Amino acid sequence: METDTFYHYFNRGNNREHLFKEEANYRHFLQLLKKHITPVVDVYSYCLLPNHFHLVIKTKEPSKLPPEYQSGKRKLWQPFSNLFNAYAKAINKKYSRTGSLFQKMPKQIKIDNNRYLQEVILYVNNNAGHHNIAEPEQYLHSSYHALLSTSKTLLARQQVWELFGSIEELEECLQDKNRRIELKQQMQLEDED
């Protein structure tokens, strides 16, 4: 992972097992995300689905990283490992399970231009619809509503608005059902469920 770089980061449950079994699991994952990940990345979008998740993130510039990352004592991948380990331990304990919760290697795809970044943000926020779980605007476990709100958030929402031109243009893109179908056909970033 490189500093000051956008990534589409995603993973699923081992053997396609559910990562999120109840409402409290989604909240706990987001709390761990805040604790472990936000010191080293800005989160532009996310979607947590029962058996997998997607993040659109930008690693921070070297000067904005905590000192242990600036010095090279810690690597940028370490907070992700900490997040997954903490979450897996909590789920294993709560549901009396053992073994790996996540697939071994999460996928991270570098995003190197604004057009692709826009497409990935739209794809991630419409992912519940892509998997026929719920209409994206009704799904509660994504950044969809936070991006269209002015309430306090840890998301890099202002940067997302600027990327799309305005909050209104972002909302129009998110709600364009024809665009959703096109995105579904274009984005081949995850294995078939």
Side-chain angles (χ1 to χ4, degrees), residues 1 6-60 66 76-108 120-161 167 170-171 174-175 189-190 193:
M1 216 174 228
F6 285 100
Y7 291 95
H8 178 198
Y9 194 97
F10 51 103
N11 202 355
R12 68 168 43 156
N14 196 28
N15 295 317
R16 299 182 184 194
E17 178 182 350
H18 279 200
L19 298 171
F20 308 103
K21 299 175 186 299
E22 59 184 277
E23 189 66 31
N25 302 152
Y26 293 97
R27 285 192 305 274
H28 186 62
F29 186 88
L30 290 174
Q31 289 167 345
L32 291 172
L33 181 84
K34 177 183 175 184
K35 176 182 176 182
H36 294 288
I37 305 299
T38 58
V40 298
V41 305
D42 293 316
V43 179
Y44 278 60
S45 287
Y46 70 88
C47 188
L48 310 179
L49 296 167
N51 73 344
H52 69 285
F53 69 88
H54 294 269
L55 303 172
V56 180
I57 57 173
K58 182 180 183 189
T59 52
K60 293 187 177 180
L76 281 177
W77 57 264
Q78 188 61 51
F80 291 89
S81 179
N82 294 345
L83 162 67
F84 300 140
N85 287 333
Y87 186 74
K89 284 179 184 176
I91 293 297
N92 285 352
K93 182 177 180 182
K94 182 169 181 138
Y95 299 104
S96 301
R97 68 177 299 283
T98 59
S100 298
L101 179 63
F102 294 96
Q103 279 187 343
K104 290 289 181 206
M105 293 301 294
K107 295 181 182 172
Q108 59 187 30
V120 174
I121 288 171
L122 294 174
Y123 175 78
V124 167
N125 284 285
N126 283 304
N127 207 250
H130 169 77
H131 291 286
N132 297 314
I133 293 172
E135 285 298 313
E137 57 271 12
Q138 296 170 348
Y139 192 66
L140 301 178
H141 307 294
S142 78
S143 52
Y144 190 102
H145 293 286
L147 288 174
L148 299 178
S149 162
T150 56
S151 301
K152 187 177 178 182
T153 184
L154 289 175
L155 292 173
R157 180 175 54 210
Q158 185 67 39
Q159 291 89 329
V160 174
W161 292 351
I167 186 175
L170 170 63
E171 183 171 22
L174 283 169
Q175 293 177 349
L189 299 177
E190 59 187 275
D193 281 310

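Just so we're clear, the structure is a prediction, and the values are computed from it rather than from any experiment.
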Heavy-atom pair with the smallest gap, counting every atom of [X] and [Y]:
X      : Y      : result
Val124 : Val56  : CG2-CG2, 3.7 Å
Asn127 : Cys47  : CB-SG, 3.9 Å
Ser149 : Ser151 : OG-N, 2.8 Å
Asn51  : Glu17  : CB-O, 3.6 Å
His36  : Pro79  : O-CB, 3.0 Å

Could you walk me through whether Leu33 and Leu154 pass the side chain to side chain contact (heavy atoms under 4.5 Å, CB included) test, one step at a time? CA-CA 10 Å; Leu33 181 84; Leu154 289 175; over 6 Å; no

Between His141 and Glu23, does the side chain to side chain contact (heavy atoms under 4.5 Å, CB included) criterion hold? Intermediate values first, please. CA-CA 9 Å; His141 307 294; Glu23 189 66 31; 2.9 Å; yes

Any side-chain heavy-atom pair from [X] and [Y] closer than 4.5 angstrom?
X      : Y     : answer
Thr59  : Val40 : no
Ile133 : Pro50 : yes
Phe20  : Leu49 : no
Met1   : Phe80 : yes

Please, which pairs that meet side-chain hydrogen bond (donor to acceptor under 3.5 Å, both in side chains) have at least one residue in residues 38-48, sequence neighbours excluded?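 Matches after skipping sequence neighbours: Ser45-Asn125.
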
Test of understanding: with side chain to side chain donor-acceptor pair (under 3.5 Å), list the residues that count as partners of [X], not counting sequence neighbours.
X      : result
Lys104 : Ser100
Thr153 : none
Asn92  : Arg97

Phe84 and Tyr9 aromatic ring geometry - parallel, tilted or perpendicular at 30°/60° bounds: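 Ring orientation of Tyr9 relative to Phe84: parallel.
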
His8 and Tyr123 aromatic ring geometry - parallel, tilted or perpendicular at 30°/60° bounds: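 Perpendicular, since the angle between the ring planes exceeds 60°.
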
Looking at [atom1] of [X] and [atom2] of [Y], how far apart are the two atoms once the value is rounded to the nearest 0.5 Å?
X      : Y      : atom1 : atom2 : answer
Lys89  : Ile91  : NZ    : CD1   : 14.0 Å
Gln159 : Phe6   : CD    : CZ    : 8.0 Å
Asn11  : Phe102 : CG    : CZ    : 6.5 Å
Arg12  : Lys107 : CZ    : NZ    : 7.0 Å
Gln175 : Leu122 : CD    : CG    : 11.5 Å
Ile37  : Asn82  : CD1   : CG    : 8.0 Å

Between Arg157 and Ser143, does a side chain to side chain contact (heavy atoms under 4.5 Å, CB included) hold up when you go through it step by step? CA-CA 9 Å; Arg157 180 175 54 210; Ser143 52; over 6 Å; no

Filter on salt bridge (Lys or Arg N to Asp or Glu O under 4.0 Å), then keep only pairs touching residues 43-60, sequence neighbours left out; what's left?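 Residue pairs with at least one partner in residues 43-60: Asp4-Lys58.
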
Would you find a donor on one side and an acceptor on the other, under 3.5 Å apart, between the side chain of Tyr139 and the backbone of Leu48?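 Yes, the answer is positive, given that a donor and an acceptor are paired below the 3.5 Å cut-off.
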
Cut-off 3.5 Å, no hydrogens considered: what does the side-chain donor-acceptor table look like for residues 24-31, sequence neighbours left out?
residue, atom, partner, partner atom, Å
Asn25, OD1, Lys21, N, 2.7
Asn25, OD1, Glu22, N, 2.9
Asn25, OD1, Tyr95, OH, 3.1
Asn25, ND2, Tyr95, OH, 3.3

